[in-house]
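First the proteins, then the strands, lettered A, B, ... as listed; each starts at 1.
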There are 2 protein chains.
Amino acid sequence: MHRTKVRVVEDALDANNTIARANRDDFDRHGVAVVNLMSAPGAGKTRLLERALDGLAVRAGVLEGDVAGSLDADRLSLLHVPVTQLNTGAGFGGECHLDANMVRSAIPALPLDEIDLLVIENVGNLVCPAEFRVGEDARIMVCSVTEGEDKPLKYPLMFRACELVLINKIDLIPHLEVDVERLLANLEAVNPGARHMLVSARTGEGVDAFRDWLAEVPARVRAAA
Amino acid sequence: MHRTKVRVVEDALDANNTIARANRDDFDRHGVAVVNLMSAPGAGKTRLLERALDGLAVRAGVLEGDVAGSLDADRLSLLHVPVTQLNTGAGFGGECHLDANMVRSAIPALPLDEIDLLVIENVGNLVCPAEFRVGEDARIMVCSVTEGEDKPLKYPLMFRACELVLINKIDLIPHLEVDVERLLANLEAVNPGARHMLVSARTGEGVDAFRDWLAEVPARVRAAA
């Protein structure tokens, strides 16, 4: 029974990867670099994007994934950045992640000729988004210090899957019992050499470095092609 | 394609419900009431349990669900409460929720004759755990104020599925920009009349009320039978 289930899941992931490659080809054809932004619910993805997209040196667009509603898309559209909403809630209680086929369905609505960088804000979840490639060039995760220092050990795949880990809400450290050194050691344990940045979307601390990293993604992707 | 996918999911949920009823029958036969405890990663489920199980008026056990590791089970076992670990990480990147069949596989390891209340601590996730009944009598979710006031609108099924919503980490409110009145209004919008409690697992504020609620679950279940 268990073995059957795993095979079904692996088939689904295989189909997903095929569609992710087709997405990637479409993005490449338009010269658009793509970043997949992931985190637990409430870790601060949208707030960080509000900060980092403001003054970004390349033309960016956002594909906003949510189970329900368009709260985050509404916030980001105030920045005069093209935002496309993708809801996963149709059919039953809602998908807990974006997959390649959902992103594919949104491609016709994306202004690919007007942007250099597409940021896909995934559904808030530390498990399944890490399992489904959507055609991205790079993956970023946001981990809030309020979540505690043990999260890399409890959700290792997510922390391993990302090129950049943003440790957010560092302005709250004085009010928490969190051990940030231990958090970074746990990250190093599951993803040795992982790039990380300490940031606060509220105060703006560290956001310049993140904005610079984001602005360099299109050039890095072109150089690697 | 989409319709096919939904039907597969509905079949899976149907099978899940059948197994959940079998679990429920087993729990009933042993006179054990069961609570399914859910939240986003890092919202404070384990810390709240540490507080609430200490001095609880009924005999409790814990079934601890995690993608990987036994960090939370190790913490709870210090309370001299029977703790059983269930990891969802086998096979591929890890399941993002407990389902009825996973819980069923753990039943032989549970000391059902020695407890009145079983608390099932689910995987940290605000989407799929709400879709999968596991044989529980009641569902509790923990929402941390650090996650922001919009979460009921973004993850409505989770906030609707629960008999009790614990708003945790209220000791941090002075250091956040969160609008707790708005959070409670959003909860009321998706789940009118929902029971909620404001708590701080760190300071212990509000935990007595939660402990009393938890202690009354077995009697409530017996009265409803």
Side-chain angles (χ1 to χ4, degrees), chain A residues 1-3 5-10 13 39-44 46-47 66-69 71-72 88-97 101 105 123-132 143-148 150-151 153-158 161 169 171-172 174-177 190 202, chain B residues 1-3 5-10 13 39-44 46-47 66-69 71-72 88-97 101 105 123-132 143-148 150-151 153-158 161 169 171-172 174-177 190 202:
Chain A
M1 185 66 188
H2 185 63
R3 246 190 302 188
K5 188 174 167 198
V6 170
R7 204 176 55 226
V8 169
V9 170
E10 284 172 353
L13 287 177
S39 80
T46 308
R47 189 84 180 265
D66 281 303
V67 175
L71 290 171
D72 293 347
T88 71
F92 69 125
E95 293 283 348
C96 64
H97 59 277
N101 205 38
S105 72
V123 178
N125 180 352
L126 287 187
V127 187
C128 300
E131 292 165 15
F132 290 84
C143 175
S144 165
V145 290
T146 58
E147 295 164 17
D150 57 350
K151 292 303 161 293
L153 305 180
K154 296 183 70 177
Y155 303 91
L157 184 68
M158 175 60 77
K169 306 196 190 181
D171 57 292
L172 292 176
H175 311 297
L176 304 171
E177 290 164 22
V190 301
R202 177 153 73 163
Chain B
M1 184 65 189
H2 185 62
R3 247 191 299 191
K5 189 174 166 199
V6 170
R7 205 177 55 227
V8 168
V9 170
E10 283 173 354
L13 286 177
S39 81
T46 308
R47 189 82 181 264
D66 281 303
V67 175
L71 291 170
D72 293 348
T88 71
F92 70 126
E95 292 283 347
C96 64
H97 59 278
N101 205 38
S105 72
V123 179
N125 181 351
L126 287 186
V127 187
C128 300
E131 292 165 15
F132 289 85
C143 175
S144 164
V145 290
T146 58
E147 295 163 18
D150 57 351
K151 292 303 162 293
L153 304 180
K154 296 183 70 177
Y155 303 91
L157 184 68
M158 174 60 77
K169 307 195 190 182
D171 56 291
L172 292 176
H175 311 297
L176 304 172
E177 289 163 22
V190 301
R202 178 153 71 162

Is [Y] close to [X] at the side-chain level, that is, under 4.5 Å between some pair of heavy atoms?
{"X": "B:Asp72", "Y": "A:Asp150", "value": "yes"}
{"X": "A:Leu172", "Y": "B:Leu176", "value": "yes"}
{"X": "B:Pro41", "Y": "A:Pro41", "value": "yes"}

Between CD of A:Glu131 and SG of B:Cys96, what distance do you get to the nearest 0.5 Å?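 A:Glu131 atom CD to B:Cys96 atom SG measures 7.5 Å (nearest 0.5 Å).
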
Would you mind telling me which of [options] has the largest number of heavy-atom pairs within less than 4.5 Å of chain A?
{"options": "B:Ala40, B:Ala68, B:Gly148", "answer": "B:Ala68"}
{"options": "B:Glu147, B:Lys154, B:Lys169", "answer": "B:Lys154"}
{"options": "B:Asn125, B:Asp66, B:Asp171", "answer": "B:Asn125"}
{"options": "B:Val123, B:Thr146, B:Leu153", "answer": "B:Thr146"}

Options A:Cys128, A:Pro156, A:Gly69, A:Gly124, ranked by heavy-atom pairs under 4.5 Å with chain B, top entry: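 Among A:Cys128, A:Pro156, A:Gly69, A:Gly124, the one with the most close pairs to chain B is A:Gly124.
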
What residues form a salt bridge (charged side-chain N to carboxylate O under 4.0 Å, His left out) with A:Arg47, not counting sequence neighbours?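 So A:Arg47 forms a salt bridge (charged side-chain N to carboxylate O under 4.0 Å, His left out) with B:Glu177.
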
